[in-house]
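Worksheet: the structure to be examined is printed underneath.
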Amino acid sequence: MLLDVDALCVRYPTRRGTLTAVDHVSLDVARGETVGLVGESGCGKSSLGRALVRLVDADSGAVRLDGTDIVPLEGRRLLPWRKRMQMVFQDPLSALDPRKSVRKTLSLPLELHQMGNRAERRERIDALLEQVGLAPQLADRLPHELSGGQRQRANIARALSIDPDILICDEPVSALDVSLQAQVLNLLGDLQRQRGMAYLFISHDLAAVGYLADRIAVMYLGRIVEVLPRGELWRHAAHPYTRLLLDSIPSRATRSITTASTTVAELPSPYDLPRGCRFRTRCPHAMPECAATDPAAVTLSAGHTVACHLYREGVPARTVALDFSDRVRPSHTHSIERIEEQPN
Ligand code: SF4
């Protein structure tokens, strides 16, 4: 396994007490695979992404890259592993140094990792810019002289410059308008096919994750509550929270949001988590057992795990009859191979 996250915890000391943003999360990503990590804002998914690339420190647990736990590594011992895992941030403007040209920004990681001489680095940057669809003359511009789409392409080129094995993409299209979102998602798909990279694609948008991901992990208040193959998402998503997210995707046909089977309520405070299952205050299927015991993850079928008392180990989700709306993949979703791009 390329990336193996094991019982990772991230806690932040705050004035109100300790906030547990990531609570014993385990997740893996194979070489060349795309795993989508989805959940509402504040669920801890960005903290998880930042802990993976060591922008924040984990309190406990392991992040293994090709079997080596990088959590305890520091300084020079960490450097070769940093090279293998890069991050694409949500806001390309804040991710790029406003005082440095695109060429200088792309050159810095190459210099840090001692990749090539000056001429070779220049050649490599020109090739990278071409690969992400940026004209070479834009290399000498500052970030504020680029459009939003160009900035995100430069941000992706920066992450690719040192040939990582895996990209952690944290909401990479949510700051872009709709036409640019499709272009950047298609670019990420094309780059993956060309380079064989793996992606952990973090998003609040289940529809966007469904475009790119081979598997989808659903996160709620610091925990992974369901992991399932993309092909199972629309018909066999099991966890009531995953169903809520699916029902919240607007249908193009009706321009409406279906909420028939879900209880819409505020996200509980992370400082005052419900006892037992954390989702029980919003769950239409909550039972007394849900308040008493935190559900452990069970495997329903190959690649499909869920943490919910409604399910039993080895019993596929489709055999459990619940009053979920029988929602099928809506007509506005697109093939994983190519997303229809709209004119600017
Ligand atoms: Fe709902 Fe209970 Fe399942 Fe939690 S464990 S999601 S409250 S049914």
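Values in this document were obtained by computation on a predicted structure and should not be read as measured data. Numbering of ligands and ligand atoms starts at 1, following listing order.
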Checklist entry - Closest non-hydrogen protein atom to atom 1 (Fe) of ligand 1, residue and atom name please, with distance? => result Cys283 SG, 2.3 Å

Item to check | Glu289 contact mode with ligand 1 (heavy-atom cut-off under 4.0 Å) | outcome: neither

Checklist entry - Is there a side-chain contact between His204 and Glu40, using heavy atoms and a 4.5 Å cut-off? => result no

Checklist entry - Hey, does Leu167 have a side-chain heavy atom less than 4.5 Å from the side chain of Leu160? => result yes

Checklist entry - Would Arg278 and Asp23 satisfy salt bridge (Lys or Arg N to Asp or Glu O under 4.0 Å), going step by step from the backbone distance to the final call? => result CA-CA 12 Å; Arg278 294 174 183 198; Asp23 193 0; 2.5 Å; yes

Next on the checklist: Quick check on atom 1 (Fe) of ligand 1: does Cys308 put an N/O/S atom closer than 2.8 Å to it?
Outcome noted: no

Next on the checklist: Using a distance threshold of 2.8 Å, state whether an N, O or S atom of Cys290 lies below it from atom 2 (Fe) of ligand 1.
Outcome noted: yes

Item to check | Pair Asp140 + Lys104: basic N to acidic O under 4.0 Å | outcome: no

Item to check | Ligand-residue contact atoms, ligand 1 with Leu310, heavy atoms, under 4.0 Å | outcome: 8 (S)

Next on the checklist: Could you check whether atom CD of Glu130 has more than 12 heavy atoms from other residues, nucleotides or ligands sitting under 6.0 Å from it?
Outcome noted: no

Checklist entry - Looking at His239, which atoms of ligand 1 are within less than 4.0 Å of one of its heavy atoms? => result 6 (S)

Item to check | Lys/Arg N to Asp/Glu carboxylate O, Asp57 vs Arg50, below 4.0 Å | outcome: no

Next on the checklist: Just verifying a value: how many Å separate Leu187 CG and Gln131 CD, rounded to the nearest 0.5 Å?
Outcome noted: 8.5 Å

Next on the checklist: Which residue and atom name correspond to the protein heavy atom nearest atom 5 (S) of ligand 1, and how close is it?
Outcome noted: His309 N, 3.3 Å

Next on the checklist: List ligand 1 atoms under 4.0 Å from Pro240, heavy atoms only on the residue side.
Outcome noted: 6 (S)

Checklist entry - Side chain, backbone, both or neither: which part of Cys277 comes within less than 4.0 Å of ligand 1 when only heavy atoms are counted? => result side chain

